[in-house]
Amino acid sequence: MLTCMVGWSHSRFGRLEAGLEELIVGAAVDAIADAGLQGWEIDEIFVGTFNPGLVEQDFASSLVLNSSPDLRFKPATRIENACATGSAAVYQAARAVESNRARFALVIGVEKMTALDSASVGRALLKASYVEETRAIERGFAGVFGQIASSYFQKYGDQSDALASIAAKNHRNAVANPLAHMRQDLGFEFCRNASDRNPIVAGPLKRTDCALISDGAAALVLTDAATALRMKKAVALRAMCQTSDYLQLSRRLDITSFEGAARAWSGAMAQARLTNHDLDFIELHDCFTISELIQYEALGIAARGEGARAIKDGMTEMDGELPVNPSGGLKARGHPVGATGVSMLVNAAVQLTGEAGDMQVKDARLAGVFNMGGVSVANYATILEPFR
């Protein structure tokens with residue numbers, strides 16, 4: 001059964017005054033209204049939040065009921081799958097719709113991250129790794145991806161130009177996104193060169209290679225295809241594929257090869273009967289610039305070890321053959337962990353419905369979204385298209 005997005009909302013990402021509850025309530029109210037529904041019409045609710053100690057309130061699923069008395073007694077469940085938490089919540093909601101358990105399912109992805117200092121956030125996020133292996137790594141996940149970047153450089157040569165080009169591209173794209181955390185075109189030279197404002201963080205990674213610590217929420221409403229035909233707008237989830245890989249990096253033969261990502265992407269493309277050449281743009285999981293580079297290869301945009309060509313040749317730029325992260329990506333849009341997967345799907349939906357404003361990809365009709373948790377541990381690939 002085909003599942004469709006028929007309403008959505010997206011808060012501004014950044015360092016926000018709003019707390020967890022306010023973010024959840026605001027996203028829910030706006031998504032339900034955007035779908036043209038009332039609270040009583042929602043059958044089931046899924047709240048995606050990672051919260052490995054980022055805020056004190058850890059039992060968040062029923063906070064959404066505070067958005068409307070009509071939601072009281074509706075089933076609400078919290079979903080968590082590291083940085084893929086938002087996608088995990090959407091996939092569970094889609095299953096509720098597909099099984100006819102819910103006609104309308106509401107999904108909220110949310111995270112409040114800036115209540116803690118950066119070092120504490122880093123320690124908390126490291127819980128999305130196999131802690132017995134990573135607890136001694138300095139700089140948290142930046143340290144993990146710094147090691148991955150170093151290994152990639154050793155195998156394929158210095159990729160500093162490619163990483164700087166990816167960072168510069170995503171920051172340039174975010175200028176056109178009014179909801180992005182950082183709307184500033186930093187330029188290639190700033191991203192390429194270490195400086196007091198752009199210091200080395202871990203391995204070859206500089207500050208501009210690392211996604212921002214952000215607060216924010218995004219929400220969407222799902223329904224079945226028959227119901228979607230009667231709604232004012234609809235975007236179909238044409239294909240959905242999830243894979244999971246070992247949490248322990250020591251069990252991977254090559255940490256520079258995101259095999260779980262490759263399998264999820266190929267699975268979704270096979271379901272949709274498409275190739276990358278059919279897509280108009282991709283939103284992918286650039287938690288670090290090295291992650292985007294490796295995903296170029298895992299998703300088949302470039303050959304193994306040749307990811308740099310995709311950015312060097314302009315393929316992934318806004319005016320390229322296959323724009324990547326027109327929203328600015330996690331790198332510049334922001335990465336409130338539980339909200340990220342939902343945010344990626346919402347950003348794809350606004351493109352496909354022609355609502356993307358200054359960041360609109362011309363004639364966008366087919367979109368790919370790839371969201372991952374950990375180092376390609378939880379992998380979610382989704383293909384979207386307008387439903388009319």
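The figures here come from the full heavy-atom set of this structure, side chains too, leaving out hydrogens, waters and symmetry mates.
- The environment of K312 atom NZ is sparse: at most 12 non-hydrogen atoms of other residues, nucleotides or ligands sit within 6.0 angstrom.
- Ion pair R101/D43 not flagged as a salt bridge, since none of the NZ, NE, NH1 or NH2 atoms sits closer than 4.0 Å to an Asp/Glu carboxylate oxygen.
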Apply side chain to side chain donor-acceptor pair (under 3.5 Å) to T77 and Q92, showing your working. CA-CA 10 Å; T77 305; Q92 290 301 311; over 6 Å; no
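- Side chain of N173 to backbone of N325: a donor-acceptor contact under 3.5 angstrom is found.
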Verdict with reasoning, S195 to N198, per side chain to side chain donor-acceptor pair (under 3.5 Å): CA-CA 5 Å; S195 65; N198 189 29; 5.3 Å; no
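- We find that R95 and E98 are not joined by a salt bridge, their nearest charged nitrogen and carboxylate oxygen being 4.0 Å or further apart.
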Derivation of the side chain to side chain donor-acceptor pair (under 3.5 Å) call for E189 and N193: CA-CA 6 Å; E189 292 300 327; N193 299 307; 3.3 Å; yes
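- Remark: side-chain polar atoms of E111 are paired, donor with acceptor, to backbone N or O of N51 under 3.5 angstrom.
- Within the 3.5 Å criterion, the main-chain N or O of L116 finds no donor-acceptor partner in the side chain of S120.
- A distance of 7.5 Å separates CZ in F190 from CD in Q184, rounded to the nearest 0.5 Å.
- You'll find the side chain of V131 stays beyond 4.5 Å of the side chain of L126, heavy atoms only.
- With a 6.0 Å radius and a threshold of 12 heavy atoms from other residues, nucleotides or ligands, Y156 has its OH atom above the threshold.
- Taken together through direct or relayed side-chain contacts under 4.5 Å among Ile, Leu, Val, Met, Phe, Trp and Tyr, I24 and V221 form part of one hydrophobic cluster.
- Two residues are said to be in side-chain contact when any heavy atoms from C-beta on lie closer than 4.5 Å; E385 and R365 fail this criterion.
- Within the 4.5 Å cutoff, the side chain of K206 has no heavy atoms near those of the P199 side chain.
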Would F387 and L237 satisfy side chain to side chain contact (heavy atoms under 4.5 Å, CB included), going step by step from the backbone distance to the final call? CA-CA 9 Å; F387 185 70; L237 305 182; over 6 Å; no
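- Remark: K74 fails to qualify as a cation-pi partner of W40 under the 6.0 Å distance and 45° angle criteria applied to the six-membered ring.
- Here R192 pairs with D161 in a salt bridge; the nearest charged N to carboxylate O distance falls below 4.0 Å.
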Under the side chain to side chain donor-acceptor pair (under 3.5 Å) criterion, do R78 and T49 qualify, and how do the steps go? CA-CA 7 Å; R78 174 194 173 178; T49 184; 5.3 Å; no
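- The closest side-chain donor-acceptor pair between R333 and S327 falls under 3.5 angstrom.
- Looking at C287 and C83, their side chains never come closer than 4.5 Å, going by heavy atoms from C-beta outward.
- At a cut-off of 3.5 Å, with distance as the only test, a side-chain donor of E21 or N66 sits close to an acceptor on the other residue.
- Proximity of a side-chain donor or acceptor of E44 to a complementary backbone N or O of L106 within less than 3.5 Å is not detected.
- Within the 3.5 Å criterion, the main-chain N or O of S160 finds a donor-acceptor partner in the side chain of D158.
- Residue A268 comes nearest to A239 through the heavy atom pair O-CB, 3.3 Å, listed as atom of the first residue, atom of the second, then distance.
- A donor-acceptor distance shorter than 3.5 angstrom exists from the side chain of E133 to the backbone of L249, with no hydrogens or angles considered.
- Taking OG from S343 and CG from N371, the interatomic distance works out to 9.5 Å, rounded to the nearest 0.5 Å.
- Under the 4.0 Å criterion applied to side-chain N and carboxylate O atoms, D34 and K233 are assigned as salt-bridge partners.
- Taken together through direct or relayed side-chain contacts under 4.5 Å among Ile, Leu, Val, Met, Phe, Trp and Tyr, Y130 and V144 form parts of separate hydrophobic clusters.
- Looking at E317 and K169, no side-chain N of the basic residue comes within less than 4.0 Å of a carboxylate O on the acidic one, giving no salt bridge.
- A donor-acceptor pair under 3.5 Å is formed between the side chain of Q271 and the backbone N or O of M240.
- Annotation: the span from S129 atom OG to I137 atom CD1 amounts to 7.0 Å, rounded to 0.5 Å.
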Y91 and Y380: CA distance, side-chain angles, deciding distance, ring pair (Phe, Tyr, Trp, His ring centres under 6.0 Å) verdict: CA-CA 9 Å; Y91 277 40; Y380 293 81; 4.9 Å; yes
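- In the hydrophobic clustering of ILVMFWY residues, with side-chain heavy atoms under 4.5 Å counting as a link, V350 and L384 come out together.
- With D286 contributing its side chain and G329 its backbone, the two residues share no donor-acceptor pair below 3.5 Å.
- Cluster membership check: V55 does not share its hydrophobic cluster with M113, using side-chain heavy-atom separations under 4.5 Å among Ile, Leu, Val, Met, Phe, Trp and Tyr.
- Within 6.0 Å of atom NZ in K362, 12 or fewer heavy atoms from other residues, nucleotides or ligands are found, so the atom counts as exposed in its surroundings.
- Side-chain atoms of Q295 and S291 form a donor-acceptor pair, as typed in the model, at a separation below 3.5 Å.
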Would you check, one step at a time, whether the test side chain to side chain contact (heavy atoms under 4.5 Å, CB included) holds for V369 with L284? CA-CA 6 Å; V369 171; L284 60 71; over 6 Å; no
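- Using a 4.0 Å cut-off between charged side-chain N and carboxylate O, K331 and E292 make no salt bridge.
- Counting non-hydrogen atoms of other residues, nucleotides and ligands closer than 6.0 Å to CG of D117 gives a total above 12.
- For the pair A162 and A308, the tightest heavy-atom approach, listed with the atom from each and the gap, is CB-CB, 3.7 Å.
- With no hydrogens or angles considered, no side-chain donor-acceptor pair links S214 and R15 at under 3.5 Å.
- Ion pair K112/D215 flagged as a salt bridge, since at least one NZ, NE, NH1 or NH2 atom sits closer than 4.0 Å to an Asp/Glu carboxylate oxygen.
- The main-chain N or O of G307 is found under 3.5 Å from a side-chain atom of E297 such that the two form a donor-acceptor pair.
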Verify side chain to side chain contact (heavy atoms under 4.5 Å, CB included) between D209 and I290, making sure each step is shown before the conclusion. CA-CA 8 Å; D209 293 306; I290 186 63; over 6 Å; no
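- At least one donor-acceptor pair under 3.5 Å links the side chain of S11 to the backbone N or O of A217.
- Cation-pi geometry between R251 and Y246 is met: under 6.0 angstrom from the ring centre, within 45 degrees of the axis.
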List the steps and the verdict of ring pair (Phe, Tyr, Trp, His ring centres under 6.0 Å) for H285 and H335. CA-CA 9 Å; H285 196 95; H335 184 26; 5.3 Å; yes
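- Here the CD1-OH distance, from I255 to Y152, works out to 13.0 Å after rounding to the nearest 0.5 Å.
- With salt bridges taken as basic N to acidic carboxylate O contacts below 4.0 Å, one links D254 and R304.
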Test log, rule side chain to side chain contact (heavy atoms under 4.5 Å, CB included), inputs I32 and F104: CA-CA 10 Å; I32 293 171; F104 291 108; over 6 Å; no
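- Side-chain contact, R103 with T223: no donor N or O sits under 3.5 Å from an acceptor N or O.
- In this structure, OG1 in T227 is found 12.0 Å from CG in L222, a value given to the nearest 0.5 Å.
- Taking every heavy atom of both residues into account, N379 and A261 meet most closely at OD1-N, 3.4 Å.
- In the model, W8 has no side-chain atom that pairs as donor or acceptor with a side-chain atom of D30 under 3.5 Å.
- I282 and L274 fall within a single hydrophobic cluster, where Ile, Leu, Val, Met, Phe, Trp and Tyr side chains are chained together by heavy-atom contacts under 4.5 Å.
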